[in-house]
Number of protein chains: 2
Amino acid sequence: MTSRLGYAILALLARLPSTGYELSARARRPLGYFWTAQHGQIYPELSRLLDAGFVSFTTSPGPGPRHKKVYSVTAAGMRELAEWVVRPPAPARGDRDEMLLKAYACWTADQPAAAALFDDQISRHQERLARYLADWQAVQSRHGGGPPPVTHPDFGSHATLRFGIDYERQRIGWLRWMADALSAEKRLAGP
Amino acid sequence: MTSRLGYAILALLARLPSTGYELSARARRPLGYFWTAQHGQIYPELSRLLDAGFVSFTTSPGPGPRHKKVYSVTAAGMRELAEWVVRPPAPARGDRDEMLLKAYACWTADQPAAAALFDDQISRHQERLARYLADWQAVQSRHGGGPPPVTHPDFGSHATLRFGIDYERQRIGWLRWMADALSAEKRLAGP
DNA sequence: TCAGGCATGTAAGGCGTTACATGATTCT
DNA sequence: AGAATCATGTAACGCCTTACATGCCTGA
């Protein structure tokens, strides 16, 4: 039994052995699209994974006052990860999406300002969508333009990016609809 | 300045004055679809909102050893809420979607078991979708079958439910695609 | 020479969940 | 008689973010 962060770390290390520092950098793209981890949390978790025997490390004389540790997943760690993947997750608790909370309360607010807020969010998500699409292309190009085989690490990236692309498109559509609805009323009340 | 939970509480109270106990019940439907709050967090937050002057309460002799407190939003609280709605949120950090993390690592797992897991999730999301659709219908029926005006509290429910419906449909599509991809490989490798 | 990247760790504090604690009323 | 619901509060614990602390190497 490990925390969810532990499995995120195992999933990263299963692809490529890394130092704690590298993990915090790698936990931005593409894992960071749906999971984050700062180094302040990674180092303690790595030592817990070490105690559990799921990772091991080799030292090399790195920069700074301390030695550098390159971690990799042990056979027991791989087994643990594979079993966790297949275990059904606890039903997700509230997702805490701040824009949804704002939408829930938007009837209390100034309408043009709210319309502007939702409209403004669109560009942010378009940027994200563009990033996902670029990564998606990059992954596919490594496999002759098609999807990677399901036993290849790239399949994980492919699958999560596919979700991200659909999600951002859906969200952009919703944001547009919100912005429209909040400015449409204005027009009807006009001269 | 209040925490995000504070605004969630203000958004609920702006619709209907409630006790802390009622708030924790109301924070399930429909706000709980995207935001949760247990009473263990609500009572301390209510006293903070009280100190800030955003809510007030009237006591009535309730059951149990303590008196019952019905909270409502003050004029200052409504102003605070309306301003917050229009304020752009800090860019969302990692969303911590456990199924995405499992998808990211699914290449390490047993494929038929993983396919079963993703397939199993579909029914959960279909249930959610059905609940959202029912609520959506209920909201619309209160406004002659059409969308509520943007100044009505129901517009908040309408907007968030619309998001939820699109989201669940998108997710069901993705889950199906995952389940297919994870079992298709099996067929190719078959006799 | 100074900024930024590499590299590892600890500590403080916020947010959130679960469990502890109390007790009246109502339904079975 | 016992369980469920209404009702309020506190405490312990876990997870996560941010800040503190150290120090080398490389490039501008």
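Protein chains get the first letters and strands the later ones, always in sequence-line order, with residue 1 at the start of each. No hydrogens, no waters, no symmetry mates; every other heavy atom, side chains included, goes into these values.
Distances were taken from every side-chain heavy atom of B:H39 (C-beta onward) to each of D:dT17, C:dT8, C:dC20; the shortest belongs to C:dC20. Ranking C:dT17, D:dA7, C:dG16 by closeness to the B:E22 side chain, first place goes to D:dA7. For B:K69, whose side chain is taken as the heavy atoms from C-beta onward, the closest listed nucleotide among D:dG9, D:dT17, D:dC16 is D:dG9. If you check D:dC16, C:dG16, D:dA7 against the side chain of A:R96, the one that comes closest is C:dG16. Considering only side-chain atoms of A:Y21, the nucleotide from C:dT18, C:dA7, C:dC15 that sits closest is C:dA7. When each of D:dT18, C:dT17, C:dT8 is scored by its nearest atom to the side-chain atoms of B:Q38, the top-ranked nucleotide is C:dT17. Checking C:dA7, D:dA7, C:dG9 against every side-chain atom of A:Y71, the shortest atom distance belongs to C:dG9.
The CD1-P distance, from B:I9 to C:dG16, rounds to 10 Å in whole Å. Summarising the geometry, the separation between CZ on A:R28 and C1' on C:dG5 is reported as 12 Å, rounded to the nearest angstrom. The distance from atom CZ of A:R4 to atom P of D:dG14 is 16 Å, rounded to the nearest whole Å. Atom-to-atom, NE2 of A:H67 to P of D:dT22 comes out at 19 Å; the value is rounded to the nearest Å. Spacing between atom CG of B:L46 and atom C1' of C:dC15 amounts to 16 Å, rounded to whole angstrom units. In this structure, A:R26 places its CZ atom 16 Å from C1' of C:dC6, rounding to the nearest Å. Spacing between atom CZ of A:F57 and atom P of C:dT8 amounts to 10 Å, rounded to whole angstrom units. What separates CD of B:Q41 from C1' of C:dC15 is a distance of 6 Å, to the nearest Å.
In this structure, B:W174 has its ring center closer than 6.0 angstrom to the ring center of A:F163. Between B:H143 and B:H152, the distance from one ring center to the other falls under 6.0 angstrom. Ring pair B:F155/A:W107: centre-to-centre distance not below 6.0 Å.
With salt bridges taken as basic N to acidic carboxylate O contacts below 4.0 Å, one links A:E45 and A:R48. For the pair B:R171 and B:D97, the salt-bridge criterion is met [side-chain N within less than 4.0 Å of a carboxylate O].
Applying the 4.0 Å criterion to OP1 and OP2 of C:dT8, one finds that A:T19 has a side-chain N or O inside that range. Note on A:Y43: a side-chain N or O is less than 4.0 Å away from OP1 or OP2 of C:dT8. Note on A:S3: every side-chain N or O is 4.0 Å or more away from OP1 and OP2 of D:dG14.
Contact annotation for B:G40: base contact, defined as any heavy-atom pair under 4.0 Å involving a base atom.
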